[in-house]
Number of protein chains: 2
Amino acid sequence: MGDHRAKEALFDVLVEAARALGNGRRAELVDVLAQGERSVEELAGEIRQSVANTSQHLQRLLRAGVITSRRSGTRIYYSLAGPAVERLWRALRETAEAHAGALGALASSYLGDRASLSTISRDELQGRLKQGDVVVLDVRPRTEYDAAHIPGALSVPVDDLKARLRQIPEGRDIVAYCRGSYCVYADDAVRELSDDGRRAMRLEEGFPEWRAAGLPVESAT
Amino acid sequence: MGDHRAKEALFDVLVEAARALGNGRRAELVDVLAQGERSVEELAGEIRQSVANTSQHLQRLLRAGVITSRRSGTRIYYSLAGPAVERLWRALRETAEAHAGALGALASSYLGDRASLSTISRDELQGRLKQGDVVVLDVRPRTEYDAAHIPGALSVPVDDLKARLRQIPEGRDIVAYCRGSYCVYADDAVRELSDDGRRAMRLEEGFPEWRAAGLPVESAT
DNA sequence: TTCTTATTCAAGTAGGTTCTTGAATAACAC
DNA sequence: GTGTTATTCAAGAACCTACTTGAATAAGAA
């Protein structure tokens with residue numbers, strides 16, 4: 001009774017995952033890893049940091065149990081430790097959104113005038129997929145599409161979109177999706193498609209939320 | 001495109017709630033505030049820290065949008081900012097449990113031989129409440145019971161239990177509950193009741209989880 | 001007004017975090 | 001073995017955190 005040392009030690013440990021996620025660069029890493037495993041060098045490119053620094057951030061996440069690693073030849077691939085981590089990252093974003101405060105201004109400075117783009121919810125997309133009157137574009141990098149994607153989606157990484165506009169089936173509306181609400185790939189794609197005269201909209205959330213909702217996914221064979 | 005400054009700033013903000021929760025003492029504060037609002041002095045007592053230090057921790061949580069405050073006379077009462085925060089705190093505990101690593105040893109050093117105590121799930125308790133063959137004890141401090149409790153529960157703060165053993169209705173099993181899985185009040189109560197020859201068990205989770213599940217609650221009038 | 005109580009502020013110290021740079025490993029190819 | 005590539009380690013500079021102490025506010029009571 002009253003062993004407050006033990007209580008403090010217990011809460012200090014409970015909180016380790018929060019400290020690990022408590023850094024913008026590490027949060028970016030988690031956001032990318034939610035799409036599938038990646039090597040250190042790829043991750044360093046994604047977060048625009050040196051390889052050494054990225055490696056150190058990864059060790060921190062590893063020690064906190066947020067990610068796991070596997071070696072393959074000279075590369076080491078990191079991935080999220082499990083679904084609890086995805087829930088944690090989602091809860092964190094939702095808390096920030098509920099608070100809003102500083103978030104609004106920053107989000108619009110990064111995300112631009114997202115309000116002017118049409119969107120579609122997960123449920124609506126499911127309905128339209130059954131009717132088959134929609135083309136779904138996965139605009140994430142090819143690796144992430146290969147790891148897992150919405151069944152029937154075409155892989156058109158946003159950087160290739162301009163060159164491949166003519167390959168996209170006509171006569172149907174287009175839905176683009178990417179990593180999640182704080183990813184701009186789908187926004188950029190929808191803008192580009194609209195400029196080309198197509199009816200295009202953005203899936204409100206990203207692929208991880210689709211999978212987390214228990215909806216079907218497909219992988220490259 | 002490519003404005004990585006804005007992206008970094010955005011993720012730095014998304015992560016503020018995690019930094020706020022990324023300290024054992026602040027996590028203890030959140031765990032207590034999940035039971036209802038409290039003044040600075042009460043909170044300082046709960047986490048065994050000086051009032052000045054507790055106040056500073058509270059300001060940090062406030063700035064991060066994790067809690068809110070209201071003044072009443074000379075006192076200031078703090079409470080959680082909303083349900084997103086409770087989900088965040090839960091996700092954090094679940095991540096720690098999934099990782100397990102250091103947690104196991106620390107938990108058992110603080111929680112003792114919890115494995116030897118009988119427990120009951122939320123669903124089971126709901127069933128037995130309908131049948132009315134069980135006495136429910138809220139063993140948290142009276143303030144927390146007053147703020148909200150499971151309908152029909154008796155308030156018997158764990159410190160008063162020994163003195164009030166004879167007042168607990170006989171002939172029915174007893175279920176004790178407290179703040180949550182990392183709170184020892186219900187364990188202590190179940191041990192004491194068992195020593196007294198009563199059939200007693202602990203509700204697996206605490207009051208906040210009961211409320212978060214949308215189950216009915218009752219407040220002091 | 002003065003006194004009291006609850007809370008916050010300010011300054012200081014010890015220790016932790018983030019990023020940089022350059023060297024050290026570790027697996028593989030030749 | 002040597003060379004090459006991916007990753008990690010080590011040390012250091014600039015900054016941030018957690019706690020302490022004592023003084024400053026702010027609301028209410030006398």
Side-chain angles (χ1 to χ4, degrees), chain A residues 4-5 7-9 11-30 32-33 37-64 66-79 143, chain B residues 4-5 7-9 11-30 32-33 37-64 66-79 143:
Chain A
H4 70 84
R5 295 282 185 70
K7 185 178 188 193
E8 293 192 349
F11 276 78
D12 287 348
V13 170
L14 283 176
V15 120
E16 254 171 40
R19 312 190 70 159
L21 268 168
N23 171 280
R25 254 32 64 217
R26 287 195 293 268
E28 288 188 59
L29 288 172
V30 168
V32 173
L33 290 173
E37 65 171 17
R38 293 301 204 93
S39 71
V40 179
E41 203 173 22
E42 288 176 308
L43 290 166
E46 288 283 354
I47 68 167
R48 302 158 310 279
Q49 298 287 318
S50 71
V51 169
N53 192 25
T54 303
S55 172
Q56 276 164 168
H57 280 311
L58 288 166
Q59 317 273 322
R60 187 89 144 76
L61 289 166
L62 196 60
R63 259 182 281 128
V66 168
I67 60 177
T68 56
S69 67
R70 75 177 178 87
R71 174 153 227 152
S72 166
T74 107
R75 281 201 184 76
I76 294 178
Y77 289 94
Y78 287 92
S79 45
T143 347
Chain B
H4 71 83
R5 295 282 185 70
K7 185 176 189 193
E8 293 192 351
F11 276 78
D12 287 348
V13 171
L14 283 177
V15 119
E16 255 172 39
R19 312 190 70 155
L21 268 167
N23 172 280
R25 254 34 64 219
R26 287 197 293 268
E28 288 188 59
L29 288 172
V30 167
V32 173
L33 290 173
E37 63 172 17
R38 292 304 203 92
S39 71
V40 179
E41 204 175 20
E42 288 176 308
L43 289 167
E46 288 283 355
I47 68 167
R48 303 157 311 279
Q49 298 287 317
S50 70
V51 169
N53 192 25
T54 303
S55 172
Q56 278 163 165
H57 279 310
L58 289 166
Q59 318 273 324
R60 187 89 146 75
L61 290 166
L62 197 59
R63 259 182 281 127
V66 168
I67 61 178
T68 57
S69 67
R70 75 176 178 88
R71 174 153 227 151
S72 166
T74 107
R75 279 198 186 80
I76 294 178
Y77 289 95
Y78 286 92
S79 44
T143 349

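So that the names make sense, note that chain A is the first sequence line, chain B the second, and so on, each numbered from 1.
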Q: To the nearest Å, give me how far apart CG (B:D12) and P (D:dC16) are.
A: 12 Å
**Q.** Donor-acceptor pair, side chain of A:R38 and main chain of A:A44, under 3.5 angstrom
**A.** no
Quick one: pull up [atom1] in [X] and [atom2] in [Y] and give me the separation to the nearest 0.5 Å.
| X | Y | atom1 | atom2 | result |
| --- | --- | --- | --- | --- |
| A:L43 | A:I76 | CG | CD1 | 12.0 Å |
| B:L58 | B:N53 | CG | CG | 10.0 Å |
| A:H57 | A:L29 | NE2 | CG | 7.0 Å |
| B:H4 | B:K7 | NE2 | NZ | 11.0 Å |
| B:I67 | B:S79 | CD1 | OG | 8.0 Å |
| A:R60 | A:Q56 | CZ | CD | 11.5 Å |

Q) With sequence neighbours left out, which residue pairs that include part of residues 66-79 of chain B fulfil the salt bridge (charged side-chain N to carboxylate O under 4.0 Å, His left out) condition? A) B:E37-B:R70
Q. In B/S/- notation, 5' to 3', how is nucleotides 24-30 of chain C contacted by protein heavy atoms closer than 4.0 Å?
A. --SSS--
Q: May I ask you to list the residues of residues 47-58 of chain B, by number, that have any heavy atom positioned under 4.0 Å from an atom of DNA chain C?
A: B:V51, B:A52, B:S55, B:Q56
Q) Going by heavy atoms closer than 4.0 Å, what residues in residues 38-45 of chain B are next to DNA chain C? A) B:S39, B:V40, B:E41
(Q) Tell me which residues in residues 21-29 of chain A lie within less than 4.0 Å of DNA chain D, going by non-hydrogen atoms. (A) none
Side-chain N or O of [X] less than 4.0 angstrom from OP1 or OP2 on [N]?
| X | N | value |
| --- | --- | --- |
| B:R19 | C:dT17 | no |
| A:Y78 | D:dA6 | no |
| A:Y77 | D:dT7 | no |

Q) Which residues pass the salt bridge (charged side-chain N to carboxylate O under 4.0 Å, His left out) test with B:R25, sequence neighbours left out? A) A:D12, B:E28
